[in-house]
Amino acid sequence: AELGAGLPAGRLAVPEAELSVPGGLPDPLVCADGAPVLTPADWWERRRPELLAAFERHVYGRTPEGAVEVGAQVLAEDAALDGRATRVETRLTFRRPAVGAAGAPDSQGSQGSVAATVLTYLPASASTGSPAPVFLALNFRGNDVVENGSADHTEPVQPPWPLAELVDRGYGVATACYQDFDPDVDDFGNGVHPLFYAPGQNRPGEHEWGALGAWAWGLSRILDHLREDRRVDAARVIVAGHSRLGKAAMWAAALDERFAMAVSNNSGCGGVALSRRRVGETVEAITSRFPHWFCPAFAAYAGREETLPVDQHELVALVAPRPAYVASAEEDTWADPYGEFLGAKYASPVYELLGAEGLAATEQPSVDRPVVPSRVGYHIRPGGHAMTDGDWARFADAADRHLGKVSGR
Ligand code: GCU
């Protein structure tokens, strides 16, 4: 049955079985005042800014616009993968800008600066005149675990990434540990938040950024840095992430249109799974265990998802018309794979309005039948919550398809 007649204005009718709360889904193509979004100009000038502001106000919090002072120091630069790659480690440092001539020196002491170590693998060809497209993804457990894996299986488990395979396909990979930008604890005295506090402030306000906002900010700062490197094809930097970092990657791509493509792996609640389904992790569950990820205002929607002014398909829509690739895992029920599929599916009308093909599947595909050709892509694979080599291979397939195949080895 369709939740058709009787829906409030601005609601999209979807099959009743897809949601757990009444009222349909917010329609990405209807403005808050009920005005329909009929043209790309309506989208770019009215609806997109309105949706972005709604995600800031109600979900992730507003990212401050103020500048920080950035330093970059190359720690190491060597040949790797038997000469097929250049491996670079760079330490980025972020400081509160020095207060103007009349101002007091930085009163925050060591808290006035934050450092992140960025590890980059670039195909050797990037150094000889063919800038490489780059996958940029934060990691959970440290750059060394991305390279070498870890014998330690405490959660969240992070397998090593298929750096050689990606480099051989012509892609660079850039990463940093997410904790460098904001340690993942419900505490706002460290990480990048204090760099932006007003005098006397010690935590973000009701509608200000949480940890996901800080991680997304970090992704944009790494992008700034990559864009300065002539070995990087600045027009082809793909932001990707797994789980909480898949949430952050999608939010980063929504905020920062310089990202050419976005990949969400098993991002679940607060990522691309629809909150109104209340399947697996709910707004109540996520805001009680991880309140610091979001703005404080998001917690008010626990158990009241039907009142959320947005839902997560609109996060995918904010990436349009850039390619967005959503990946699920069959056993990852906490992330609600079907809800992730629907997040991709219901973003599609915005892609179509902008002249791009939305998800080329109306039903969830079966496992291992990836939908790569359309600008919104999707796959579900067997197995549990993880970002596997097979997932990475599909991300590269989608990037080949939509950003242009790069000449690997
Ligand atoms: C927890 C959390 C999820 C998150 C996941 C992860 O399971 O509930 O929302 O995506 O951690 O980041 O691995």
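We're numbering straight along the sequence, starting at 1. Start at 1 and go down the list; that is how both ligands and their atoms are numbered.
- Residue contacts with ligand 1, taken as heavy atom pairs separated by less than 4.0 Å, involve R244 via backbone and side-chain atoms alike.
- Less than 4.0 angstrom separates some heavy atom of K247 from each of these atoms of ligand 1: 3 (C), 4 (C), 9 (O), 10 (O).
- Distance from atom 3 (C) of ligand 1 to its nearest protein heavy atom, with residue and atom name: E281 OE1, 3.2 Å.
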Exercise. Are Y378 and E340 close enough, and set up right, to give a side chain to side chain donor-acceptor pair (under 3.5 Å), and what steps lead you there?
Worked result: CA-CA 9 Å; Y378 178 82; E340 294 174 327; 5.2 Å; no
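- Taking every heavy atom of H385 and a limit of under 4.0 angstrom, the matching atoms of ligand 1 come to 6 (C), 13 (O).
- For the residue pair T86 and Y121, no side-chain donor N or O sits within less than 3.5 Å of a side-chain acceptor on the partner.
- For the pair R46 and W43, the cation-pi test (distance below 6.0 Å, angle within 45°) is failed.
- For W293, every heavy-atom contact with ligand 1 shorter than 4.0 Å involves the side chain, none the backbone.
- Residue contacts with ligand 1, taken as heavy atom pairs separated by less than 4.0 Å, involve R289 solely via side-chain atoms from C-beta onward.
- For R244 and F290, the positive end sits near the middle of the six-membered ring, less than 6.0 Å away and at most 45° from its axis.
- The proximity of I286 to ligand 1, defined as any non-hydrogen pair under 4.0 Å, is limited to the side chain.
- Inspection of the Y178 and D184 side chains reveals an N or O donor paired with an N or O acceptor under 3.5 Å.
- Between the side chain of S243 and the backbone N or O of L245 there is no donor-acceptor pair closer than 3.5 Å.
- H242 does not count as a contact of ligand 1, since none of its heavy atoms falls under 4.0 Å from the ligand.
- Side-chain atoms of Y346 and E18 form a donor-acceptor pair, as typed in the model, at a separation below 3.5 Å.
- In this structure, atom 10 (O) of ligand 1 lies nearest to the protein heavy atom S243 OG, 2.6 Å.
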